[in-house]
Amino acid sequence: MCEKSWKDYLYLSNENLQQHCLIETFKVPGPGGQKKNVTNSAVRIKLKNNKQIEAVASESRSQHQNKLKAIARLRQVIALNLRSNVSSSDLDELQNNNYLVINPKNTNFAITTAILFDLLTKTAWDHQRLARDLNIGTNSLIRTLKKDRTVWRALTEEKTKTNLRHPRNS
């Protein structure tokens, strides 16, 4: 069975993405009122074919809200962990998503993150080289990547693995 890439999941609607996932609900102890430890409101979502890709949400007392948060987090985990070949249509997608000003709450943020991480992989995690290739400033690229803590942390880990210097806070 061939390994799937982020393109197999991130373009799907939430309903279609859920068909590729195992969803479980559970009780969570802690603050949140009397209902918190009584109902199965927390949600864990895992990809069926890759159990290591998972997301959890338990902040809300509503199972439905937690499911939506978990799906959004799963999309980000997919973007950070599954790689694909970069095509010219991906570069067009970056431009169409206006990736330098995109917000993490935007539904296309996970796609943008996946494309940028694919490009970073191609440049051996050299953010300065990627900025030159995209014909943008290094600081603009860094600001885009720093918009989400999870993305920034993943970039830090990859640069640490490859012994590259991490971009400084700007």
Side-chain angles (χ1 to χ4, degrees), residues 3-84 90 93-121 125 127 140-161 166-167 169-170:
E3 175 139 352
K4 293 193 172 199
S5 76
W6 62 265
K7 292 179 182 181
D8 296 317
Y9 302 108
L10 295 185
Y11 289 110
L12 298 175
S13 67
N14 284 350
E15 294 77 24
N16 290 337
L17 179 58
Q18 288 179 43
Q19 294 175 358
H20 296 276
C21 298
L22 299 171
I23 301 173
E24 65 181 88
T25 59
F26 56 97
K27 297 176 186 175
V28 175
Q34 295 173 340
K35 187 178 175 188
K36 186 79 174 192
N37 202 17
V38 176
T39 62
N40 291 340
S41 60
V43 177
R44 178 180 293 114
I45 299 179
K46 298 178 184 179
L47 285 181
K48 286 180 183 175
N49 67 346
N50 189 339
K51 303 269 196 291
Q52 296 165 342
I53 306 257
E54 73 171 47
V56 177
S58 63
E59 299 86 32
S60 175
R61 287 173 38 177
S62 164
Q63 186 182 103
H64 178 71
Q65 287 178 351
N66 284 334
K67 186 185 255 186
L68 292 175
K69 287 179 185 177
I71 289 172
R73 289 177 185 159
L74 181 70
R75 288 181 182 280
Q76 194 66 4
V77 171
I78 289 169
L80 295 173
N81 291 298
L82 298 182
R83 301 280 48 93
S84 178
D90 293 331
E93 180 99 25
L94 274 181
Q95 296 299 327
N96 293 339
N97 286 347
N98 204 1
Y99 70 100
L100 290 177
V101 295
I102 198 167
N103 184 310
K105 292 182 180 179
N106 187 311
T107 55
N108 290 327
F109 189 76
I111 295 171
T112 299
T113 300
I115 295 170
L116 287 174
F117 267 59
D118 285 347
L119 292 168
L120 282 163
T121 302
W125 300 98
H127 65 282
S140 297
L141 179 61
I142 290 171
R143 273 194 303 273
T144 300
L145 294 167
K146 284 181 82 173
K147 288 179 182 177
D148 185 277
R149 255 189 274 168
T150 311
V151 173
W152 189 248
R153 194 174 304 125
L155 176 62
T156 303
E157 289 171 8
E158 290 298 333
K159 286 187 154 294
T160 303
K161 286 179 196 173
H166 193 276
N169 295 342
S170 48

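Only this structure's heavy atoms are used, side chains among them; waters, hydrogens and symmetry mates stay out.
In this pair, Y11 and W6 present their aromatic rings tilted. The plane angle is within the 30 to 60° band.
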* Does the side-chain contact (heavy atoms from CB on, under 4.5 Å) test come out yes or no for Q52 and N81, once each step is laid out? -> CA-CA 10 Å; Q52 296 165 342; N81 291 298; over 6 Å; no
* Asked: Are F109 and Q76 close enough, and set up right, to give a side-chain contact (heavy atoms from CB on, under 4.5 Å), and what steps lead you there?
  -> CA-CA 8 Å; F109 189 76; Q76 194 66 4; 3.6 Å; yes
* Asked: Is there a side-chain contact (heavy atoms from CB on, under 4.5 Å) between D90 and L94 once you walk through the steps?
  -> CA-CA 6 Å; D90 293 331; L94 274 181; over 6 Å; no
* Between N108 and Y99, does a side-chain contact (heavy atoms from CB on, under 4.5 Å) hold up when you go through it step by step? -> CA-CA 9 Å; N108 290 327; Y99 70 100; over 6 Å; no
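L100 approaches S140 most closely through the heavy-atom pair CD2-O, 3.9 Å. Across all their heavy atoms, V77 and E54 have their closest contact at CG2-O, 3.8 Å. Residues A70 and A55 come closest through the heavy atom pair O-CB, 3.4 Å. Closest approach of S84 and K7 over heavy atoms only: OG-CE, 3.3 Å.
When side chains are defined from C-beta on, Q63 counts as touching V43, because their heavy atoms get closer than 4.5 Å. Under the 4.5 Å side-chain criterion, counting only non-hydrogen atoms from C-beta, H20 is in contact with L12. For the pair L116 and L141, the minimum side-chain heavy-atom distance is below 4.5 Å. With contacts defined as side-chain heavy-atom distances shorter than 4.5 Å, the pair I78/L47 qualifies.
L120 contributes atom CG, which lies 10.5 Å from atom OG1 of T113 (distance to the nearest 0.5 angstrom). Here S60 contributes atom OG and N66 contributes atom CG; the two are 5.0 Å apart, rounded to the nearest 0.5 Å. From T107, atom OG1 reaches atom CD1 of I102 across 7.5 Å, with rounding to the nearest 0.5 Å. With rounding to the nearest 0.5 angstrom, the CZ atom of F117 is 6.5 Å from the CG atom of L145. Once rounded to the nearest 0.5 Å, the distance linking NZ of K67 with CG of N14 reads 10.0 Å. Distance CZ/R44 to CG/L22: 11.5 Å, rounded to 0.5 Å.
Relative to the ring axis of W152, K146 places its NZ or CZ within 45° and under 6.0 Å from the centre.
Ion pairing of E158 with R83 is absent here, as no side-chain N (NZ or NE/NH1/NH2) approaches a carboxylate O to less than 4.0 Å.
No donor-acceptor distance shorter than 3.5 angstrom exists from the side chain of K69 to the backbone of S58, with no hydrogens or angles considered. In this structure, R61 contributes its side chain and S41 its backbone to no donor-acceptor pair below 3.5 Å. A donor-acceptor pair under 3.5 Å links the side-chain atoms of D148 to the main chain of V151, judged by distance alone.
Side-chain atoms of H127 and K159 form a donor-acceptor pair, as typed in the model, at a separation below 3.5 Å.
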